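All ligand and atom numbering here is 1-based and tracks the order in the structure. Quick caveat: nothing in here was measured; it's all calculated off a predicted structure.
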Amino acid sequence: MASGQKIPVRMTAIAISEPGGPRVLKPETRDVPLPGPGEILIKVHAAGVNRPDVQQRKGAYPPPPGASDLPGLEVSGEVAALGDEISRWRLGDRVCALTPGGGYAEYVKVHTGSVLPLPAGFTHTEAAAVPENYFTVWHNMFERGGLKKGETLLVHGGSSGIGTTAIQLASAFGAYVITTAGSKDKCDACLKLGADRAINYREEDFVKAVKDATEGKGANVILDMVGGDYVQRNYEAAAVEGRIVQIAVQAGAVASADFSKIMVKRLTHTGSTLRPRTVEFKAAIAAALEAQVWPLLGTRKVAPVMDMIYPLTDAWRAHERMEEGEHIGKIVLDVG
Ligand SMILES: NC(=O)c1ccc[n+]([C@@H]2O[C@H](COP(=O)([O-])OP(=O)(O)OC[C@H]3O[C@@H](n4cnc5c(N)ncnc54)[C@H](OP(=O)(O)O)[C@@H]3O)[C@@H](O)[C@H]2O)c1
């Protein structure tokens, strides 16, 4: 292992002391992890907060085998040590990374394929808000959903970290973007980000609104994090040959639906979770993002929407804010 600066043996991390509410997130002293072959150690400056962290804290989303038990799926910081077989990165490089866990800490080890340079001109807090949402949206909206220029996207939860990313990327790549959100302020924020139509789902039926906005054709791709009764309604809002991509089931994993719609409209209903995928799979997404999205981040054609920043030791407040549901965009932890 190669390291430039003196790396401490112990570090502060935020652990889940037991499954439960935000207050179970407690600072602990842990060993600094040692990077193995193909891994680097990052001195973390900022860590992104994501809804799956909340699920993990509640005990509903256990880390995959071999991953850290600490929460935190994305970070930015500096390369502090190199494991064997690392050619791309140098000590001191400013990077951001997708992590399989362990991001709420002063140091985290990450596979080299999940690491990207800081986008040009980005602060660490901004860069920490990028990986989880951009990897997820890139794969599900473009690779799995096959969204193309000129097609219509419907993305639910438009003001979420995922939603704000999907709106900007779909719009930057030439799609017509329809989104749903739960208040006027959230809808306004989505329109500012480039959505062509924002539907307040508490006041309007999104199926009718999508049909009205598309001359009755429906959406070619639907990115859904809701599930439950949205399954049937997505089938109704989808265009012929539409692709529905499930990335979460916040309103319920069990639904009853009229499957004849799948046959009649020749729909595809698919989905995925990012965290347990292989390092090779994540490296392929990282390469695509660096080639096609990093230039857009560098010119700020797309950028993470920053909601609030909290110190690492106040991670519980960050979770409280996320669960209150008032946030628009990303909540980030400042690790120092
Ligand atoms: N599959 C994957 O690989 C993957 C990866 C990352 C994240 N995710 C999932 O993607 C979702 C968004 O993550 P995030 O970190 O961006 O979270 P977030 O910012 O907390 O957003 C959650 C969003 O869900 C919406 N929502 C919740 N319940 C709803 C309901 N019953 N009806 C309509 N909308 C509802 C909320 O919209 P309103 O406030 O407008 O109601 C909110 O915008 C989470 O469910 C997360 O688990 C999946």
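- Under a 4.0 Å N-O distance rule, the pair D69/R30 qualifies as a salt bridge.
- Look at D205 and R233 and you find a salt bridge, because one of the NZ, NE, NH1 or NH2 atoms lies within 4.0 Å of a carboxylate O, short of that distance.
- There is no side-chain donor-acceptor pair under 3.5 Å between S76 and H45.
- The pair R266-E241 counts as a salt bridge, with a side-chain nitrogen and a carboxylate oxygen less than 4.0 angstrom apart.
- V110 and V44 end up in the same hydrophobic cluster when Ile, Leu, Val, Met, Phe, Trp and Tyr side chains are linked at under 4.5 Å.
- Taking any N or O of R51, backbone or side chain, at least one lies under 3.5 Å from an N or O belonging to ligand 1.
- Considering both main-chain and side-chain atoms, S272 comes within under 3.5 Å of ligand 1 through a nitrogen or oxygen pair.
- Of the protein's non-hydrogen atoms, L274 N, 2.9 Å is the one closest to atom 3 (O) of ligand 1.
- Between R57 and D53 there is no salt bridge, since no side-chain nitrogen of the basic residue lies less than 4.0 Å from a carboxylate oxygen of the acidic one.
- A distance-only check finds a donor-acceptor pair linking the side chain of W294 to the backbone of P117 [under 3.5 Å].
- A salt bridge links E151 with R243: at least one charged nitrogen is closer than 4.0 Å to a carboxylate oxygen.
- Across I14, V49, T125, a single residue satisfies side chain to side chain contact (heavy atoms under 4.5 Å, CB included) together with L333, and that is V49.
- Every heavy atom of Y61 sits 4.0 Å or more from the atoms of ligand 1.
- Numbered from 1 in the order shown, with element, the atoms of ligand 1 that lie under 4.0 Å from a heavy atom of M225 read 11 (C), 12 (C), 23 (C), 24 (O).
- In the vicinity of G161, heavy-atom distances shorter than 4.0 Å reach the ligand 1 atoms 16 (O), 19 (O).
- Close to ligand 1: H327, with a non-hydrogen atom less than 4.0 angstrom away.
- The shortest heavy-atom distance from R202 to ligand 1 is under 4.0 Å.
- Given atom 41 (O) of ligand 1, the protein heavy atom at minimum distance is Y201 OH, 2.3 Å.
- The part of V226 lying near ligand 1 is the side chain, judged by heavy-atom distances below 4.0 Å.
- Neither the backbone nor the side chain of R275 comes within contact range of ligand 1; no heavy atom lies under 4.0 Å.
- Ranking protein heavy atoms by distance to atom 21 (O) of ligand 1, first place goes to S160 CB, 2.9 Å.
- On a distance-only criterion, K186 and ligand 1 share at least one N/O pair closer than 3.5 Å.
- Contact of the E78 side chain with the L91 side chain is not registered, since no non-hydrogen atoms from C-beta on lie closer than 4.5 Å.
- The closest protein non-hydrogen atom to atom 40 (O) of ligand 1 is G182 N, 2.7 Å.
- E74 has no carboxylate O lying under 4.0 Å from a charged side-chain N of R275, or vice versa, which leaves the two without a salt bridge.
- Each of the atoms 40 (O) of ligand 1 lies under 4.0 Å from some heavy atom of A181.
- Contacts of Q250 with ligand 1, taken as heavy-atom pairs under 4.0 Å, involve the side chain alone.
- Proximity of I247 to ligand 1, defined as any heavy-atom pair under 4.0 Å, is shared by backbone and side chain alike.
- Remark: minimum distance from atom 6 (C) of ligand 1 to any protein heavy atom is reached at E132 OE2, 3.1 Å.
- By the 4.0 Å N-to-carboxylate-O rule, D188 lies close enough to K184 to be salt-bridged with it.
- Polar contact check, V49 against ligand 1: no nitrogen or oxygen pair lies under 3.5 Å apart.
- For atom 36 (C) of ligand 1, the nearest protein heavy atom lies 4.0 Å away or farther.
- Nearest protein heavy-atom contact of atom 4 (C) of ligand 1 is T136 CG2, 3.8 Å.
- Counting heavy atoms from C-beta on, the side chains of V302 and L169 come closer than 4.5 Å.
- Atoms of ligand 1 lying under 4.0 Å from at least one heavy atom of M322, given by number and element, are 20 (O).
- Here K58 pairs with E323 in a salt bridge; the nearest charged N to carboxylate O distance falls below 4.0 Å.
- Less than 4.0 angstrom separates some heavy atom of T273 from each of these atoms of ligand 1: 1 (N), 2 (C), 3 (O).
- Residue Y230 approaches ligand 1 through these ligand atoms, each under 4.0 Å from one of its heavy atoms: 32 (N), 33 (C).
- Inclusion of A248 in the set of residues having an N or O under 3.5 Å from an N or O of ligand 1 is not warranted.
- Residue-ligand proximity: H156 is placed with every non-hydrogen atom at 4.0 Å or more from ligand 1.
- Salt bridge status for R197 with E204: present, with a side-chain N to carboxylate O gap under 4.0 Å.
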